[in-house]
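So the structure is just underneath, and the comments pick up after that.
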Amino acid sequence: MRVPDEQSSTHTYNLRADGSGRDHDREQATDAAFEFESVSESESESESNSERDSDDDSESESATATDHTMQSANTDCPDSLIVVSNRQPYRHTYDDETGVDDGTTIETEDEHDTDTTDTSETAGSPPPSISVDEPTGGLTAGIDPVLREANGTWIAWGDGDADFEVTDKRDCVRVPPDDEAYTLRRIDLSEEAVDAYYRGFSNRVLWPLCHGFAELVEERSDDLEWYRTVNERFAAAVADHATEESVVWLQDYHFALAPRMIRQAIPDSASIAQFWHIPWPSPATFDYCPAGEEVLEGLLGNDLLGFHVERYANAFLDCVRRFLPDATVDHEQGTVQYNGQTTRVVATAMGVDAESYDRQARETDAAQLLSLFDRYDIPRNSAIGLGVDRLDYTKGIPERLTALERFFAENPSWHGDFTFIQKATPSRTEIPAYARHGDLVRSEVDRINRRFGTDDWQPIVYTEEYVEHDDLCALYRHADVMIVSPLIDGMNLVAQEYVAACVDTDGTLLLSDRAGAHERLCSHAVSIDPTDVSGFATAIDDALSMAPQERTARMNALRSSVFDGDIHNWMATQFDLLRRVHDGPDAGVESRERPSPM
Ligand code: GDG
């Protein structure tokens with residue numbers, strides 16, 4: 001099967017002649033806290049591919065994910081499911097003046113590079129056509145088919161410039177557009193709200209803090225208040241849709257305060273759960289969190305709180321014990337009792353759509369690989385190393401470059417015969433820490449290439465351009481060494497994608513012992529400490545020199561782990577837990593839940 005490319009697939013249709021697309025200002029003028037304007041320009045500095053962000057886990061093929069997930073997860077899906085996420089599954093945007101989608105939009109988890117063409121002032125011209133991006137993979141495409149079956153509700157920030165042209169008076173639209181099966185409730189946020197809630201408290205405070213970078217926390221005056229306000233907006237929207245039977249499932253760190261607000265606004269019989277996709281810090285680090293107690297209290301509004309791995313779940317419990325003395329924490333059971341409510345804290349490691357990566361990788365051929373070598377100007381006989389990351393200070397890219405420099409310095413015989421491709425996707429570029437980090441990475445690449453490069457060969461091919469899904473799978477399949485070396489990472493999907501696409505079982509994964517994925521893959525990946533330059537450089541040499549039999553044995557074992565714990569398994573586990581929590585506090589939930597493959 002041919003897997004569509006990674007860009008969001010689009011449908012185009014015209015605005016209804018009666019203008020029944022919604023007027024933003026009309027419905028929400030009563031809410032003085034918000035300016036109602038399109039936020040479509042929020043993240044987009046340009047429409048170039050290099051501006052696309054990959055903050056999501058969205059690199060699998062949507063139709064495939066759809067089919068498989070429906071088979072494996074739907075039976076466990078609670079009725080009356082309400083999903084809450086920052087990112088929406090479908091986004092409506094105006095086409096450009098030519099009416100042709102320029103294809104520059106991409107589904108991302110929390111950053112948006114949207115065509116900013118303003119068609120609202122073209123008075124007298126025919127109504128502009130509108131396109132809708134569809135989810136392309138990972139979590140979004142995993143949840144979408146479940147909601148279709150459950151006829152549930154998805155609540156998310158409406159970031160598309162035409163989003164509110166197609167919603168009704170309650171800001172709802174039925175999706176998918178061609179097979180209306182569930183309700184998408186859009187939250188209309190002003191640019192000021194997005195800047196403070198998303199680029200502010202979420203990504204200047206919670207992100208660095210949860211990753212242990214307390215020194216990078218940037219507290220701006222209104223960010224927390226906006227974060228609170230936006231959480232309230234989402235909570236109010238949940239309350240609009242919740243029934244006695246509802247199960248509310250929130251995604252990630254953009255909604256730390258909402259669960260408690262939701263708890264107070266929906267029937268007691270409804271359940272609330274959240275998955276926290278990033279690490280949780282130690283109490284010593286969490287101590288720096290502005291409004292830390294409020295954050296903990298917010299999260300304890302959940303009946304179920306999920307992390308990727310045990311150590312984050314334990315760190316959360318440690319923080320509750322330390323900062324909320326009135327809470328009763330049971331580490332053994334993974335429960336917290338606070339304010340008359342019990343919260344179960346679980347660790348369930350997320351996987352990828354392994355089958356779809358496998359399938360796409362098998363479809364790549366020599367010609368595709370050769371064209372990639374030509375595109376990146378790589379000698380055809382060169383061995384390949386690969387790194388694929390958002391340009392984020394947590395991902396350990398400078399440390400990786402330092403290790404590569406050491407490797408090339410110590411192994412001149414590899415000059416010209418080994419090339420490292422680093423795909424780095426610009427991310428959150430308005431935040432100074434990210435801008436500085438990007439400058440550092442680029443200058444290090446230049447320096448190392450000047451040191452070792454020749455007219456015919458550059459040791460490091462560095463690109464910030466979006467790599468299409470099929471090209472990414474081709475690179476994964478043919479990379480001799482994949483380096484995943486974060487300083488800390490909630491999970492890391494890239495490591496698992498590489499393994500799933502390594503269909504010839506002839507590649508080696510170098511994996512940081514600080515990634516959540518390490519817990520699943522450590523026994524057969526080559527483990528590295530990303531800050532140990534010498535050990536890291538030696539590991540690169542070892543990987544390149546590994547005997548083929550050992551390489552294959554390791555990769556076969558890794559592939560078993562990744563396929564056993566794929567996204568469908570994870571979704572099924574989530575819904576199983578949600579159902580058990582919903583059906584009763586002790587309905588079959590034993591002490592701390594783990595997914596079977598961990
Ligand atoms: C957060 C947590 C956790 C990147 N460049 C391209 C591209 N990508 C895709 C990768 C992968 C995704 O972006 C990155 O996912 P990660 O998991 O590695 O990292 P975060 O974005 O930080 O995700 C993380 C995750 O949430 C899920 O819970 O694992 O720990 O930090 O899917 O493939 N994809 C394509 N072209 C690119 O140029 N096609």
Side-chain angles (χ1 to χ4, degrees), residues 3-8 49-61 65 85-87 106-111 113 136-142 202-203 206-208 210-211 251-254 275-280 306-309 312 348-354 356-357 360 372 386-397 421-428 434 462-476 482-501 511-512 514-521 567 570-571 574:
V3 178
D5 69 32
E6 179 53 26
Q7 292 178 8
S8 310
N49 285 343
S50 66
E51 286 300 309
R52 293 169 173 178
D53 180 84
S54 66
D55 223 26
D56 71 354
D57 41 297
S58 67
E59 313 320 322
S60 55
E61 186 271 316
S85 68
N86 183 53
R87 286 287 296 133
I106 174 179
E107 290 296 312
T108 62
E109 186 69 26
D110 69 357
E111 302 208 9
D113 299 313
T136 52
L139 184 60
T140 308
S202 295
N203 283 321
L206 290 178
W207 177 275
C210 286
H211 287 85
Q251 302 299 321
D252 230 344
Y253 60 101
H254 313 96
F275 196 84
W276 193 264
H277 290 259
I278 64 175
W280 190 273
F307 294 92
H308 285 297
V309 293
Y312 308 146
T348 54
M350 186 174 163
V352 299
D353 189 350
S356 109
Y357 280 90
Q360 177 69 77
L372 286 166
L386 182 63
V388 177
D389 312 80
R390 273 187 312 102
L391 201 37
D392 192 297
Y393 50 79
T394 62
K395 301 293 182 184
I397 302 174
I421 303 172
Q422 176 63 56
K423 165 67 222 299
T425 306
S427 176
R428 306 169 192 169
Y434 285 81
Y462 179 79
T463 178
E464 294 184 357
E465 282 187 9
Y466 180 74
V467 179
E468 297 297 340
H469 183 58
D470 57 343
D471 286 339
L472 182 67
C473 288
L475 289 172
Y476 281 154
M482 180 84 207
I483 303 186
V484 177
S485 58
L487 299 174
I488 179 168
D489 215 334
M491 187 64 197
N492 193 288
L493 301 180
V494 168
Q496 301 185 63
E497 292 166 7
Y498 170 68
V499 168
L511 181 60
S512 165
R514 304 173 188 193
H518 191 259
E519 302 205 357
R520 171 175 287 171
L521 304 177
I567 182 75
W570 183 80
M571 290 284 293
Q574 299 309 303

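One is the number of the first residue; the rest follow in order along the sequence. The model shown is predicted, which means the values in this text are computed figures rather than measured ones. Every number for a ligand or one of its atoms is a count from 1 in the order of the listing.
- When the heavy-atom distances from atom 31 (O) of ligand 1 to N492, D489, V494 are ranked, the shortest goes to D489.
- When ring centroids are compared, Y434 and W207 stay outside the 6.0 Å threshold.
- Between H277 and W570, the ring planes are tilted. Angles from 30° to 60° get that label.
- Neither the backbone nor the side chain of D389 has any atom closer than 4.0 Å to an atom of ligand 1 (non-hydrogen atoms only).
- Side-chain N or O atoms of Q496 include one that pairs as donor or acceptor with a backbone N or O of M350 at under 3.5 Å.
- In terms of heavy atoms, A495 sits closest to L521 at CB-CD1, 4.2 Å.
- Any N or O atom pair closer than 3.5 Å counts here, and M491 shares at least one such pair with ligand 1.
- Contact atoms of ligand 1 toward Y476: 33 (O) (distance under 4.0 Å to a heavy atom of the residue).
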Between H469 and Y357, is a side chain to side chain contact (heavy atoms under 4.5 Å, CB included) present by the stated rule, with each step listed?
CA-CA 9 Å; H469 183 58; Y357 280 90; 3.5 Å; yes
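- The heavy atom nearest to atom 36 (N) of ligand 1, out of those in L139, V388, V467, is found in V467.
- Near R390, meaning under 4.0 Å from any of its heavy atoms, are these atoms of ligand 1: 20 (P), 21 (O), 22 (O).
- Near L472, meaning under 4.0 Å from one of its heavy atoms, ligand 1 places the atoms 33 (O), 34 (N), 35 (C), 39 (N).
- Using 4.0 Å as the threshold, W276 has no heavy atom nearer than that to any atom of ligand 1.
- Below 4.0 Å from some heavy atom of G490 lie the following atoms of ligand 1, by number and element: 30 (O).
- The backbone N or O of P486 sits less than 3.5 Å from a side-chain atom of S512, completing a donor-acceptor pair.
- With ligand atoms numbered from 1 in the order given, ligand 1 contributes 16 (P), 17 (O), 18 (O), 27 (C), 29 (O) to contacts under 4.0 Å with heavy atoms of L493.
- Atom 19 (O) of ligand 1 has its nearest heavy-atom neighbour, among K395, E497, E465, in K395.
- The closest donor-acceptor contact from the side chain of D392 to the backbone of T394 lies under 3.5 Å.
- Contacts between W207 and ligand 1 below 4.0 angstrom, taking non-hydrogen atoms only, involve the side chain exclusively.
- Nearest heavy atom pair, residue P208 against residue N203, reads CD-O, 3.5 Å.
- The side-chain hydrogen bond (donor to acceptor under 3.5 Å, both in side chains) test applied to N492 returns D489, not counting sequence neighbours.
- Near K423, with a cut-off below 4.0 Å to any heavy atom, the atoms of ligand 1 are 5 (N), 6 (C), 37 (C), 38 (O).
- Here's the thing with T425: one of its N/O atoms is less than 3.5 angstrom from an N/O atom of ligand 1.
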